[in-house]
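By convention in this document, chain letters (A, B, ...) are assigned in the order of the sequence lines, proteins followed by strands, and residues within each chain are numbered from 1. Because the structure is predicted, anything quoted here is derived from the model rather than measured. Scope of the values below: all heavy atoms of this structure, side chains included, with no hydrogens, waters or symmetry mates.
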Amino acid sequence: MDQSIKKFKRTHMCGQLDQEDINKDVIVMGWVQRRRDLGGLIFIDLRDRAGIVQVVFDAKKCEKNFDEAEKLRNEYVVAIKGQVVERTPETVNPKIPTGYIEIVAHELMILSTSKTPPFMIEDDIKVSEAIRLKYRYLDLRRPKMQQNLILRHNVCKWIRDFLNNEGFLEIETPMLTRSTPEGARDYLVPSRVHPGSFYALPQSPQLFKQLLMLSGYDKYYQIARCFRDEDLRADRQPEFTQVDIEMSFVDIDDIMGVNERMIAYVFKKNLNMDITLPLPRISYKEAMSRYGSDKPDTRFGLELNDVSDIVKNSDFKVFTGAIERGGSVRAINAEGCGTKFSRREIDGLVDYVKDFGAKGLAWIVVEDSELKSPITKFFNDEQLNMLLDRLEAKSGDLLLFVADKDDVVFRALGELRLELGRRLGLLDDSKYNLLWVTEFPLFEYSEEEKRYVAKHHPFTAPMDEDIKYLENSPEKVRSKAYDMVLNGVEIGGGSIRIHDSNLQERMLKALGFNKEEAWDRFGFLLQAFQYGAPPHGGMAYGLDRFVMLLAGESSIREVIAFPKVQNASDLMTGAPSPVDLKQLEELNIKIDINDV
RNA sequence: GGCCCGGUAGUUCAGUUGGUUAGAACGCUAGCCUGUCACGCUAGAGGCCGAGGGUUCGAGUCCCUUCCGGGUCGCCA
């Protein structure tokens, strides 16, 4: 059989044919979506990435052709030469865009046969993700997956268009780089040339982009692959893509301005949606106290309220004790849930917050004439009335309280707020609420390491008015860092960097590095900063998450062509895998696995 | 590393207090069928019940171990 497709030159994509093509002779190529064999008449739905078109084979009109058509099965790859014809009114299929026309086949060439696929190539299939990932190349044929990857391509293109137009330069940085302390666990790559030494794959191009600023490339971006060896989640996997941006001679408002215009541009291009600029800004402190989260979902209310002042003199030891220990008591009014939720459901909420460190969840159901609650007996009428007043409680409401250290209270109520939002159906998919969170703490205390660690990263600039606290009250220092949040998901974050080597040394000292350690780890950066560093700052977006949200998906695996599963393996290739002993010997590596 | 859920035909699932030969739907194969588009009709094939061990006269079902998948906590500057 002649395998060459020389005599077939594709003229049209299946999904792009329409009434304007009627009577045209066309050649299309693609996969057999479905065959409907009526005996003397065979219909084929032919699929390419543009869509589906119906091809009809008539036994009377072309016998040779017809014998071939009878052999067709799902996912065979074919080339078809034929004529586009208008369908008679009673045979129109309004369900597909090409349903007003069909192709009458004159010639058929089977380019490739196919085994029966493990699942149908169509949207809304009922099949486990594991099977989809094992046969990812088939899964990616599904229209939804193709749309997702096309969307991803478009988002990248729009970002590049925008940034190029603003005068940014796209510059690549190394994948094989140096392990630096702080941050996530590194992926290491052994060096053959330097036995016992390792490269690290970049967690982000952070240091390189700062050095590029020093080198005078004052507007840089890169769509960069990053690696972090930490456990996976629905919105996280070990290799991911970052849109990395850095600018010189700018302050915080310049960077936020460019970035929000860029995101607005993407929304305009994608959904023809106008985002109102500037985006709302909220300080970290306010975000935590109102939403219990540094990435608040502002599509719904259910905000937190501090009621410590009201309950501090009550007889309820759980509340008063928490306050005495420096914590707080905060509450959410779950409006209407007093009547909506059963006692069992309320108990479920109690269990829910325990997952996030709260020791308990106190509740009050507000009814017309009384309050139903295990805790009202600890309060006098005045205190109860003040609570109802503060929480704007009305009949039918459910008041939920957590008392503990502030970070526990925020975490528990923040997560509870989201859970309530989900249960009450308040998360409106048609809304895109974008905002900035600013004034993050520069440090956070690590119980594990018994020292302060950088909340953002060690090169983040402190706010000018807080620099004085750097040595003695690091917990008070706020940073020039900012996150962009979309519907409760952090899609990007950045900061103004330290460009002064003295301040950088003070910062590293505050993080517990002495001068030798600091120079050992970051010497190249500290040295570079002695040669004239411009003020600079930037931003980095999680592209996977951003595209996931735009695609309306709930896992980044739906917008990554070949993703990894929870144990960081690839079900299709089987990576990671053992390697030959010879490879290890070249790298001077011996495997020593305990308890296997 | 902890906790929760799941693993039975190619796929998605059902499978009673432990009891004949483990079922359904879709898919697949063959035949018939000239206007289907989730084509239809008829017939048929297809199973190491994730793996290993245990309890029992008897295990898909109960117990233990383990592997695999999902979610989540820790972790993720």
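Between A:T91 and B:U36 there is no side-chain N or O to OP1 or OP2 distance below 4.0 Å. Residue A:R73 has a polar side-chain atom (N or O) positioned under 4.0 Å from OP1 or OP2 of B:A30. Residue A:Q566 has a polar side-chain atom (N or O) positioned under 4.0 Å from OP1 or OP2 of B:G71. Dashed line: the shortest gap from a side-chain N or O of A:N567 to OP1 or OP2 of B:G69 is under 4.0 Å. OP1 and OP2 of B:U36 both lie 4.0 Å or more from every side-chain N or O belonging to A:R36.
Positionally, the nearest nucleotide of RNA chain B for A:V565 lies more toward the 5' end than for the other of A:E230 and A:V565. Looking at which nucleotide of RNA chain B each of A:R557 and A:R411 is closest to, the 5′-most match is held by A:R557.
Contacts of A:D229 with the nucleic acid, taken as non-hydrogen atoms under 4.0 Å apart, are absent. Residue A:K95 is in sugar-phosphate contact alone, with no base atom involved, counting any heavy-atom pair closer than 4.0 Å across all strands shown. Across all strands shown, A:F356 has heavy atoms under 4.0 Å from sugar-phosphate atoms exclusively, and none from any base. Heavy atoms of A:T98 sit nowhere under 4.0 angstrom from any nucleic acid atom. At a threshold of 4.0 angstrom between heavy atoms, the contacts of A:R233 include nucleobase atoms, whether or not backbone atoms are also involved. Within 4.0 Å (heavy atoms only), A:I125 reaches no atom of the nucleic acid at all. Counting any heavy atom pair closer than 4.0 Å across all strands shown, A:T460 reaches no nucleic acid atom.
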For salt bridge (Lys or Arg N to Asp or Glu O under 4.0 Å), just list the numbers for A:D483 and A:K295, CA-CA rounded to whole Å, side-chain angles, deciding distance to a tenth of an Å, and then say yes or no. CA-CA 8 Å; A:D483 280 357; A:K295 43 182 190 208; over 6 Å; no
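Taking atom CG on A:L41 and atom P on B:G40, their separation rounds to 16 Å, with Å as the unit. The nearest whole Å value for the distance from the CG atom in A:D294 to the C1' atom in B:C76 is 13 Å. We find that CG of A:D235 is positioned 16 Å from P of B:C75, with the value rounded to whole Å. Nucleotide B:C75 holds its P atom 11 Å from the CZ atom of A:R185, rounded to whole Å. The distance between atom CG of A:D37 and atom C1' of B:C37, rounded to the nearest whole Å, is 14 Å. Between A:K354 atom NZ and B:G74 atom C1' the separation is 20 Å, expressed in whole Å. Distance A:L571 CG to B:C67 P: 16 Å, rounded to the nearest Å. Remark: C1' of B:C4 and CG of A:D351 are 13 Å apart, rounded to the nearest angstrom.
At a cut-off of 3.5 angstrom, the base of B:C75 holds at least one donor-acceptor pair with the side chain of A:R236. Residue-to-nucleotide contacts include no donor-acceptor pair under 3.5 Å from the side chain of A:R34 to the base of B:U36. Not a single donor-acceptor contact under 3.5 angstrom links the side-chain atoms of A:N74 to the base of B:G27. Checked by distance alone, A:E102 brings a side-chain donor or acceptor within 3.5 Å of a matching partner on the base of B:G35.
Between the P atoms of B:G47 and B:C39, the separation comes to 27 Å (whole Å). A gap of 15 Å separates the C1' atoms of B:G7 and B:A14, to the nearest Å. Nucleotides B:G70 and B:G31 place their C1' atoms 43 Å apart, quoted to the nearest Å. A distance of about 14 Å separates the P atoms of B:U61 and B:G53, rounded to the whole Å. Between B:C26 and B:G54, the two C1' atoms lie 38 Å apart (nearest whole Å). Nucleotides B:C63 and B:C68, compared at atom P, are 22 Å apart to the nearest Å. The same atom, C1', is picked in B:C13 and in B:G60; the two are 14 Å apart, to the nearest Å. If you take atom P in B:G10 and the same atom in B:C28, they sit 15 Å apart, rounded to whole Å.
B:C3 and B:G71 make up a base pair, with Watson-Crick or G-U wobble contacts both under 3.5 Å. Figure legend. B:G52 is base-paired to B:C64; pairs are counted as Watson-Crick or G-U wobble with both atom distances under 3.5 Å. Here B:C33 sits opposite no nucleotide as a Watson-Crick or G-U wobble pair (both hydrogen-bonding atom distances under 3.5 Å). Across all strands shown, the partner of B:C26 is B:G10, judged by Watson-Crick or G-U wobble contacts whose two distances both fall under 3.5 Å. Pairing partner, B:A45: none, since no Watson-Crick or wobble contact has both distances short of 3.5 Å.
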Sequence neighbours left out, cut at 3.5 Å: what donor-acceptor pairs do the side chains of residues 503-510 of chain A make with other protein atoms?
| from | atom 1 | to | atom 2 | distance (Å) |
| --- | --- | --- | --- | --- |
| A:Q504 | NE2 | A:P458 | O | 2.9 |
| A:R506 | NE | A:E471 | OE2 | 2.9 |
| A:R506 | NH2 | A:E471 | OE1 | 3.0 |

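Ring geometry, A:H457 versus A:F459: the interplanar angle falls from 30° to 60°, so the pair is classed tilted.
A:E246 and A:R497 are joined by a salt bridge, as a carboxylate oxygen and a charged side-chain nitrogen come within less than 4.0 angstrom of each other. Checked for salt-bridge contact, A:D347 and A:R344 miss the test: no charged N lies under 4.0 Å from a carboxylate O. Between A:D235 and A:R233 there is no salt bridge, since none of the side-chain N atoms of the basic residue sits less than 4.0 Å from a carboxylate O of the acidic one.
Considering all non-hydrogen atoms of both residues, A:G39 and A:F66 come closest at O-CZ, 3.1 Å.
For A:Y445, the ring-ring contact (aromatic ring centres under 6.0 Å, His included) test picks out A:Y452, with sequence neighbours left out.
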